[in-house]
Amino acid sequence: MSHYFESDPTLASNRKSIDFVVKNTKIMVVSDKGTFSKYRVDLGTSIFIETLISLPLKGDILDLGSGNGIVGIAIKKIFDAEVNVDFSDVNTRCIELTKEGLSLNSLTGEVYLSDGFNNIDKTYDYVLLNSPISTGKATCYRLYKESYEHLNQNGKLIVVINKDKGALSHKKELESYYSNVEIINKQKGYFIIVSSK
């Protein structure tokens, strides 16, 4: 069985466009089989984006585990010249979809095929992550630590996690090495957690 966190080139393709509006701005992305929440904007992602656009984001940002690029594309479209957004995913199909989404929205950004940071040699002011809970805690915790190592001083890792999927235990893990960890939004079972280096 294929999962969104694996590359499976044999999986049949069935691409569909997803249009949504954030802050009176139309965002267009493309999704497909073999990606997370393949044909809609899931609730957690929607809450994540709405929370992120309420923050004073600026500088260099990585959409880690970007899927079809929906979060990073929305951030780039809203904040425009204030941010530079890169994207990374372990899934080759997601990389293709992200590049297509960037083109549809007339945006640019570096897109890395990477398991965590293994192909990324940069540091960031923000790393954004919809925690891949289905991969297990070990993978999530590894991504949290790798993010810490690739953040600039005072940089922030911002994650979204469902409370029922262990948000509080993930927060405790983050507190073991980030200088400050804060839940900045709780909505419909989802926690948005900001961890500062």
Side-chain angles (χ1 to χ4, degrees), residues 1-55 57-58 60-116 119-120 124 126-135 143 158-162 165 185 187-190 192:
M1 177 181 176
S2 292
H3 297 279
Y4 64 87
F5 48 85
E6 297 173 343
S7 281
D8 183 0
T10 67
L11 186 66
S13 177
N14 184 23
R15 292 188 175 201
K16 292 191 178 180
S17 297
I18 301 172
D19 296 347
F20 66 106
V21 176
V22 179
K23 213 170 183 179
N24 298 316
T25 302
K26 184 178 179 182
I27 312 291
M28 298 168 286
V29 294
V30 182
S31 204
D32 201 350
K33 289 182 177 179
T35 62
F36 175 69
S37 191
K38 54 186 176 286
Y39 297 135
R40 62 187 176 86
V41 182
D42 69 288
L43 181 59
T45 298
S46 178
I47 292 169
F48 196 33
I49 292 170
E50 290 292 342
T51 304
L52 289 169
I53 65 173
S54 72
L55 302 175
L57 301 181
K58 61 181 179 178
D60 295 319
I61 297 174
L62 176 67
D63 183 356
L64 177 61
S66 55
N68 63 9
I70 191 167
V71 172
I73 287 170
I75 295 306
K76 181 60 181 171
K77 193 118 182 196
I78 297 295
F79 288 92
D80 193 24
E82 294 291 315
V83 298
N84 298 305
V85 182
D86 292 348
F87 303 78
S88 73
D89 205 283
V90 70
N91 183 322
T92 53
R93 182 165 291 180
C94 289
I95 296 301
E96 294 167 6
L97 295 171
T98 295
K99 289 178 178 178
E100 192 169 341
L102 285 166
S103 178
L104 281 172
N105 292 278
S106 301
L107 301 173
T108 59
E110 293 293 329
V111 184
Y112 298 95
L113 178 63
S114 185
D115 179 3
N119 286 329
I120 302 173
Y124 294 91
Y126 295 90
V127 174
L128 314 177
L129 176 64
N130 190 336
S131 296
I133 299 299
S134 299
T135 65
L143 294 176
I158 309 178
V159 303
V160 57
I161 273 189
N162 193 304
K165 300 291 186 180
N185 192 12
Q187 191 175 338
K188 297 181 180 178
Y190 289 92
I192 310 298

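Just so you know, these numbers use all the heavy atoms, side chains as well, and skip hydrogens, waters and symmetry mates.
- In this structure, the side chain of Ser114 engages the main chain of Gly116 through a donor-acceptor pair within 3.5 Å.
- In this structure, the separation between OG on Ser66 and CG on Leu129 is 10.5 Å, given to the nearest 0.5 Å.
- Side-chain N or O atoms of Asn84 include none that pairs as donor or acceptor with a backbone N or O of Asp60 at under 3.5 Å.
- The line from CG of Leu62 to CG of Leu128 is 7.5 Å long, rounded to the nearest 0.5 Å.
- Scanning both residues, Lys26 and Lys77, for their nearest heavy atoms gives O-NZ, 3.3 Å.
- A pairwise comparison of heavy atoms in Val30 and Asn68 identifies O-CB, 3.3 Å as the closest pair.
- Taking each heavy atom of Phe79 and Leu57 in turn, the nearest pair found is CD2-O, 3.5 Å.
- In this structure, Ile161 and Tyr190 have side chains that are not in contact, with every pair of non-hydrogen atoms separated by 4.5 Å or more.
- With Asp89 as the partner, the side-chain contact (heavy atoms from CB on, under 4.5 Å) test is satisfied by one option alone out of Asp63, Ile95, Leu97, Thr98: Ile95.
- To the nearest 0.5 angstrom, Ser46 atom OG is 8.0 Å from Phe20 atom CZ.
- Note that CG of Leu64 is 10.5 Å distant from CG of Asn130, once rounded to the nearest 0.5 Å.
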Derivation of the side chain to side chain contact (heavy atoms under 4.5 Å, CB included) call for Ile192 and Val159: CA-CA 6 Å; Ile192 310 298; Val159 303; over 6 Å; no
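- Judged purely by distance below 3.5 Å, without hydrogens or angles, the side chains of Tyr124 and Asp86 pair a donor atom with an acceptor atom.
- Between Ile18 and Met28 there is no side-chain heavy-atom pair separated by less than 4.5 Å.
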Criterion side chain to side chain contact (heavy atoms under 4.5 Å, CB included) on Ile120 and Ser88, from CA distance to verdict: CA-CA 9 Å; Ile120 302 173; Ser88 73; 3.7 Å; yes
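- When side chains are defined from C-beta on, Phe87 counts as touching Ile73, because their heavy atoms get closer than 4.5 Å.
- No donor-acceptor pair closer than 3.5 Å links the side chain of Thr45 to the backbone N or O of Val41.
- Side chain of Asn105 to backbone of Leu107: no donor-acceptor contact under 3.5 angstrom is found.
- For Lys76 (side chain) and Val83 (main-chain N/O), a donor-acceptor pair under 3.5 Å exists by modelled atom type.
- Taking CG of Leu104 as the reference point, atom CD1 of Ile27 lies at 11.5 Å (rounded to 0.5 Å).
- Applying side-chain contact (heavy atoms from CB on, under 4.5 Å) to Ile75 and the options Leu52, Leu55, Ile70 leaves one that passes, Leu52.
- Note that CD of Gln187 is 7.5 Å distant from CG of Leu43, once rounded to the nearest 0.5 Å.
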